Protein chains: 2
Amino acid sequence: MHRKNPDFYFLSENNLPFSDFLHFGLSTDCVIFGYKNKALRVLLIQRGAEPYMNSWAIPGDLVYPDEDLDSSANRILQHLTGLENIYFEQFHTFGSVDRHPVGRVITVGYYSLVRSDNHKPIASTWVKEVKWFDINDLPALGFDHEEIIHKALLNLRKKVRTEPIGFELLPEKFTLLELQGVYEALLQQQFDKPNFRKKILSMDLITPLNEVESNVAHRPAKLFNFDKKRYDAKKNNEISFEL
Amino acid sequence: MHRKNPDFYFLSENNLPFSDFLHFGLSTDCVIFGYKNKALRVLLIQRGAEPYMNSWAIPGDLVYPDEDLDSSANRILQHLTGLENIYFEQFHTFGSVDRHPVGRVITVGYYSLVRSDNHKPIASTWVKEVKWFDINDLPALGFDHEEIIHKALLNLRKKVRTEPIGFELLPEKFTLLELQGVYEALLQQQFDKPNFRKKILSMDLITPLNEVESNVAHRPAKLFNFDKKRYDAKKNNEISFEL
DNA sequence: AAAACTTATAGTACTTTTTACTTTAAGAAT
DNA sequence: ATTCTTAAAGTAAAAAGTACTATAAGTTTT
């Protein structure tokens, strides 16, 4: 009951050869959320290789030997969307013994929020198609990716209540009703318009611009943007966002 | 710019040999929280082998090739504390390229909550000493374990506000003032006694017992226990715990 | 150009929750 | 019996949340 390599320093007391411990594959997978027409959606790829050929899946890749986890997730996001400065967050790591048909591959799950307008999904050698799916109407997915999306969504729903990240799903300039739509899609609950407005404005985190929306068949709403500087300043004192 | 192994299915388009991608080490590390004398504390081990010989560290181990992540964390916890049914939760995965002197080892971070009375830490071959440290008075730690503890604490503080897990730090039967002490230690804030009591009781998640504390030099407080069944039943309808 | 329509935005009244504090109760120690 | 300490219940004011109404400011229709 002793290790083959006594130089090593973990608690293990078993009789497996040490080399068995260094044969893990490591990947990152990204659940990319978008928002359009009052609905939350997810960017999926259609696989062009085995296993799960032709299945839909969330984008992911193996981590390079000299690459940090966040860098890896960021690389995938940029590669696929062509965007920089995408908001992303690690939320859970999936490592079931049998989660992967090829071998023991554990994957670090990230979710990210992108402004729906700006993305132009880019297919690659290994990807047949890239497409947005409504969160409530997903196709069958390969691997354990249904579980990953489910968990990502639960995490996002929690986070969105205490940190002002809903803005990441909207363009720089947005109306209060658009913001309300984002939160209604995220939290699956309706808000009263005047009260939502009052609450958001009282947080003092978004600034009104001297612009209004255009091409609308009614009184145009004022445009706002999120004041990240002010939030960062406030954050140091106390948490100030809560829905 | 193409993979050596075209059977593989990730997005990677680089010229590294495929085998380079399967040489990751994988471990789990556990931040074990306890509560005593109105203070939050952490169980640390003193390392008995290189690297970081004699340094203090959080307990952890390599994951076995045929072992799930949660099982691995649970094994470490049981091994070290001798307890079963310990509350634990995966919170973040740490995988910086240089986080480990021996090679590329990524670690899945867990935190756990144990009832302070019940634990009898068990040292092992690789552990010189096992000891509780006040969360505000930690020794220097090996690896990136300071970062891991810091992040565990932040996660715990968030979680404890929306899920009734504070009980995990107390014995089965506890008084309301003891519970208040736990939350004050966790959240680093004082609560008003009558109001705390009112709020907790209004949640209808703890049941009064027909017992009172003994050996106290004043009016003894009633003992309560947490009603997990009732919580699980409520949980399905809506979240009902919030501090 | 006026009227009708749609949504923005301000305002108000009511309810519930939170907060701060006071009072009484119950046992232990002297 | 008296004193001490903490439990536990109660109360009132303040704050926050909720539901709804009224007015404003545009576009479209007539």
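Every chain is numbered from 1 and lettered A, B, ... according to where its sequence line falls, protein lines coming before strand lines. Note that the structure is a prediction, hence the values are computed from the model and not measured.
Taking the ring centroids of B:Y110 and B:F91, they lie at or beyond the 6.0 Å cut-off. Ring-centre distance between A:Y183 and A:F191: not below the 6.0 Å cut-off.
The CG atom of B:D192 sits 15 Å away from the P atom of D:dA9 (whole-angstrom rounding). As rounded to whole Å, 16 Å separates atom P of D:dA19 from atom CZ of A:F196. The separation between A:N215 atom CG and C:dT6 atom C1' is 16 Å, rounded to whole Å. Counting to the nearest Å, the C1' atom of D:dT3 and the NE2 atom of B:H218 are 16 Å from each other. Atom CD1 of A:I200 is separated from atom C1' of D:dA16 by 15 Å (rounded to the nearest Å). A:R197 places its CZ atom 8 Å from the C1' atom of C:dA10, with the value rounded to the nearest Å. Between A:E213 atom CD and D:dA25 atom P the separation is 16 Å, expressed in whole Å. Put simply, NZ on A:K222 is 13 Å from P on C:dA8, counting in whole angstrom units.
One finds a side-chain N or O of B:K193 lying less than 4.0 angstrom from the OP1 or OP2 phosphate oxygen of D:dA7.
The closest side-chain heavy-atom distance from A:Q46 to A:V127 is not below 4.5 Å.
Among D:dT21, D:dT6, C:dG27, the nucleotide with an atom closest to any side-chain atom of A:P194 is D:dT21. Picking from C:dT9, C:dA20, D:dT6 the nucleotide with the shortest atom distance to the side chain of B:N195 gives C:dA20. Minimum atom distance to the side chain of A:K198 is reached by D:dT18, of the listed D:dA7, C:dA8, D:dT18.
B:F174 pairs with exactly one of B:F167, B:Y35, B:F224 by the ring pair (Phe, Tyr, Trp, His ring centres under 6.0 Å) rule, that one being B:F167.
Heavy atoms of B:L176 sit nowhere under 4.0 angstrom from any nucleic acid atom. Backbone-only engagement by A:V216 is indicated by non-hydrogen atom pairs under 4.0 Å involving sugar-phosphate atoms exclusively. Using a 4.0 Å heavy-atom criterion, one finds that B:K199 contacts the sugar-phosphate atoms exclusively.
Dense packing is recorded around CG of A:N136, with more than 12 heavy atoms of other residues, nucleotides or ligands lying under 6.0 Å away.
Heavy-atom distances to DNA chain C give each of A:L201 and A:A217 a nearest nucleotide, and the one nearer the 5′ end belongs to A:A217.
The base of C:dA8 is paired with the side chain of A:R219 by a donor and an acceptor separated by under 3.5 Å.
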